[in-house]
There are 2 protein chains.
Amino acid sequence: MPAPEKPAARRTTRKVKGKPAPYHHGNLREALLEAGLELLRRDSAESLGLRELARQAGVSRTAPYRHFESKEALIAAIAEQGFLRLQAYQDEARRRHPDDVEAWFLEGARQYIRFAVDHPEHLKVMFGPYISHTPDQTDHPLYAVGNATFGKLVELVVSAQKAGLVRAGDPVEVSVSVWSLLHGFAMLLVQKQLDFLHLGPGRLAALAEQAAHDTLAAVRASPAASSAPRRRPPSR
Amino acid sequence: MPAPEKPAARRTTRKVKGKPAPYHHGNLREALLEAGLELLRRDSAESLGLRELARQAGVSRTAPYRHFESKEALIAAIAEQGFLRLQAYQDEARRRHPDDVEAWFLEGARQYIRFAVDHPEHLKVMFGPYISHTPDQTDHPLYAVGNATFGKLVELVVSAQKAGLVRAGDPVEVSVSVWSLLHGFAMLLVQKQLDFLHLGPGRLAALAEQAAHDTLAAVRASPAASSAPRRRPPSR
DNA sequence: AAAAAATGTTGACAACGACAACATCGTGCC
DNA sequence: GGCACGATGTTGTCGTTGTCAACATTTTTT
């Protein structure tokens with residue numbers, strides 16, 4: 001990528017002896033987010049501490065408060081970033097298969113899992129218990145981007161319904177099932193909860209591909225009513 | 001429930017003025033676990049602190065260390081308890097439908113969700129990032145009970161495969177898909193991640209029922225016997 | 001150039017997890 | 001019966017953390 005370099009942080013992580021370390025960092029905000037991800041990647045746990053981050057960024061302990069109201073706000077910012085990235089993954093699936101809804105669907109599922117594998121630390125923060133996912137704070141930017149991400153899924157489901165690929169019904173409800181399988185698989189992966197299966201990289205890929213197909217199967221329209229979006233057949 | 005009462009903690013939560021508060025609590029271990037669940041239920045967050053628990057149990061701050069090696073050990077104990085409870089929920093599904101595999105499967109799915117609704121705090125601890133779900137500690141009792149819980153699911157899947165209800169293939173892999181959908185739905189529920197849908201209790205029940213059916217659909221054997229090797233779907 | 005806003009720093013406080021040393025209770029052993 | 005010992009609970013202390021207040025320095029605006 002020959003793109004123009006970033007303004008380049010004056011301090012990356014540690015003080016440089018040659019220069020007297022400028023009083024202002026330059027781009028602390030980004031550096032903190034980056035350091036936060038790095039810490040989550042390594043330590044994987046809840047150890048993420050403001051002071052630790054400040055240390056990592058070569059800055060003093062309360063400096064982060066000039067950029068984030070609280071620890072939780074910082075984590076929320078990382079989560080927000082994560083949702084945007086996940087949306088990019090979803091967009092990629094659509095871009096690759098603009099004309100084939102089934103391929104789009106399957107690729108979307110794969111991309112969700114791929115995101116989890118590529119950026120587990122983001123996923124953990126997005127859906128972990130770190131952010132007080134309480135109540136009426138629907139004006140928080142995190143909510144907006146989260147809803148937008150879910151919205152992309154609903155769009156896909158609506159398209160699939162129109163094509164007769166996915167069963168009819170409230171697209172939001174269908175989307176919840178789709179999301180559930182992918183989210184569950186991704187979270188189990190990310191939290192090492194499947195390690196007891198001793199899956200090598202090949203076996204993991206097979207599991208992921210299977211999960212993608214099963215996701216479609218979970219909401220697939222019954223073949224009888226392929227192009228006629230109707231209510232489910234009278235089974236009971 | 002006319003069952004015999006427990007030995008009755010001498011101290012429940014607060015000191016009683018009448019008695020000089022006996023030096024020994026009597027059943028601190030249970031009291032701590034109970035208080036931990038209570039805290040998780042109320043505060044829902046990571047606030048769970050040893051000192052706080054000790055306070056709640058009317059005991060002094062380092063007393064818990066006589067019963068749990070560390071905070072993480074205490075949380076692991078709660079998680080273990082949760083897995084046992086989840087197994088009981090699963091057993092109930094089997095008990096209700098010993099002869100009908102499809103009904104057993106559906107009820108098992110419902111029971112998983114019911115467990116999440118009934119004991120969200122347990123679920124959060126079982127699958128949250130609190131316990132360092134690391135590596136070779138496969139001898140930890142938590143691993144054993146976790147594996148046993150998954151084992152129950154695999155049993156169900158194997159039975160369903162034999163009956164031609166669920167597609168053939170490695171039952172563990174099939175079980176992962178089943179688990180993924182249920183786990184994903186349960187976690188989204190428990191972490192209030194679906195609140196933006198504004199689901200009333202009725203709508204939630206509908207969603208849950210749909211999730212149960214979609215779970216079966218995700219791994220159902222195709223009626224045309226595409227991948228079902230020997231068994232014919234005798235439509236039961 | 002002066003004022004104001006942004007950004008970074010040190011000091012302080014309360015809370016926490018964990019360890020050590022000590023106190024008290026109960027139980028088994030002679 | 002007495003007593004030693006282990007189980008259990010307590011206080012003291014240390015290092016760490018999140019957060020606020022007060023102060024310092026830099027950048028931007030007027």
Side-chain angles (χ1 to χ4, degrees), chain A residues 7-16 19-33 35-36 39-40 43 45-78 125 128-132, chain B residues 7 9-16 19-33 35-36 39-40 42-43 45-78 125 128-132:
Chain A
R10 309 209 193 133
R11 273 184 269 182
T12 53
T13 55
R14 272 298 152 208
K15 301 177 184 175
V16 181
K19 303 220 172 183
Y23 196 85
H24 286 82
H25 180 287
N27 55 348
L28 224 201
R29 196 189 149 93
E30 272 188 41
L32 287 173
L33 292 176
L39 270 197
L40 284 175
D43 221 17
E46 163 94 359
S47 63
L48 186 85
L50 275 193
R51 285 163 120 107
E52 179 75 19
L53 287 191
R55 233 168 287 145
Q56 203 92 32
V59 100
S60 210
R61 42 193 209 280
T62 61
Y65 283 92
R66 301 296 148 181
H67 300 271
F68 303 98
E69 203 183 31
S70 67
K71 177 180 174 176
E72 185 175 343
L74 188 150
I75 295 184
I78 296 184
V125 153
Y130 309 106
I131 53 195
S132 83
Chain B
R10 309 209 191 132
R11 272 185 267 182
T12 53
T13 55
R14 271 300 151 206
K15 302 176 184 177
V16 181
K19 304 221 172 184
Y23 195 85
H24 286 83
H25 181 286
N27 55 349
L28 224 200
R29 197 189 148 92
E30 273 189 41
L32 286 173
L33 293 176
L39 270 197
L40 283 175
R42 230 204 339 269
D43 221 18
E46 163 91 358
S47 63
L48 185 85
L50 277 193
R51 287 162 118 105
E52 178 77 18
L53 286 191
R55 232 168 287 145
Q56 203 93 31
V59 100
S60 210
R61 46 194 205 282
T62 63
Y65 284 95
R66 301 295 152 182
H67 300 271
F68 302 98
E69 201 184 33
S70 67
K71 177 180 174 177
E72 184 174 344
L74 188 151
I75 296 185
I78 297 183
V125 154
Y130 308 106
I131 54 195
S132 82

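Here is how names work: the chains are called A, B, and so on, in the same order as the sequence lines, proteins then strands, and each is numbered from 1. Because the structure is predicted, anything quoted here is derived from the model rather than measured.
- Within 4.0 Å of B:Ser70, counting heavy atoms only, lie sugar-phosphate atoms of the nucleic acid but no base atom.
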>> One pair to check against side-chain contact (heavy atoms from CB on, under 4.5 Å): B:Val59 and B:Leu53. What are the steps and the verdict?
In response: CA-CA 9 Å; B:Val59 100; B:Leu53 286 191; over 6 Å; no
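- Considering only side-chain atoms of B:Arg61, the nucleotide from C:dA18, D:dG12, C:dG11 that sits closest is D:dG12.
- When the side-chain nitrogen and oxygen atoms of A:Thr62 are compared with OP1 and OP2 of D:dC20, none of them lie within a distance under 4.0 Å.
- Side-chain contact between A:Leu39 and A:Glu52: present, with at least one pair of heavy atoms (C-beta onward) separated by less than 4.5 Å.
- In this structure, A:Phe68 atom CZ and D:dC20 atom P are separated by 16 Å, rounded to whole Å.
- In this structure, A:Leu50 and A:Arg66 both approach DNA chain D, and ranking their closest nucleotides by distance from the 5' end singles out A:Leu50.
- Atoms CG (A:Leu28) and P (D:dT26) sit 16 Å apart, rounded to a whole Å.
- If you measure from atom CZ of B:Arg51 to atom P of D:dT13, you get 14 Å, rounded to the nearest angstrom.
- In this structure, the side chains of A:Leu48 and A:Tyr130 stay at 4.5 Å or more apart for every pair of heavy atoms.
- A:His67 has no side-chain polar atom (N or O) that falls below the 4.0 Å cut-off from OP1 or OP2 of C:dA6.
- Summarising the geometry, the separation between CZ on B:Arg55 and P on D:dG9 is reported as 17 Å, rounded to the nearest angstrom.
- The separation between B:Tyr65 atom OH and C:dG17 atom P is 6 Å, rounded to whole Å.
- Between the CG atom of A:Leu48 and the P atom of D:dT16 there is a distance of 17 Å, rounded to whole Å.
- A:Glu72 places its CD atom 16 Å from the C1' atom of D:dT17, with the value rounded to the nearest Å.
- For the pair A:Leu33 and A:Phe68, the minimum side-chain heavy-atom distance is below 4.5 Å.
- One atom, CD of A:Gln56, and another, P of D:dT17, lie 12 Å apart when rounded to the nearest Å.
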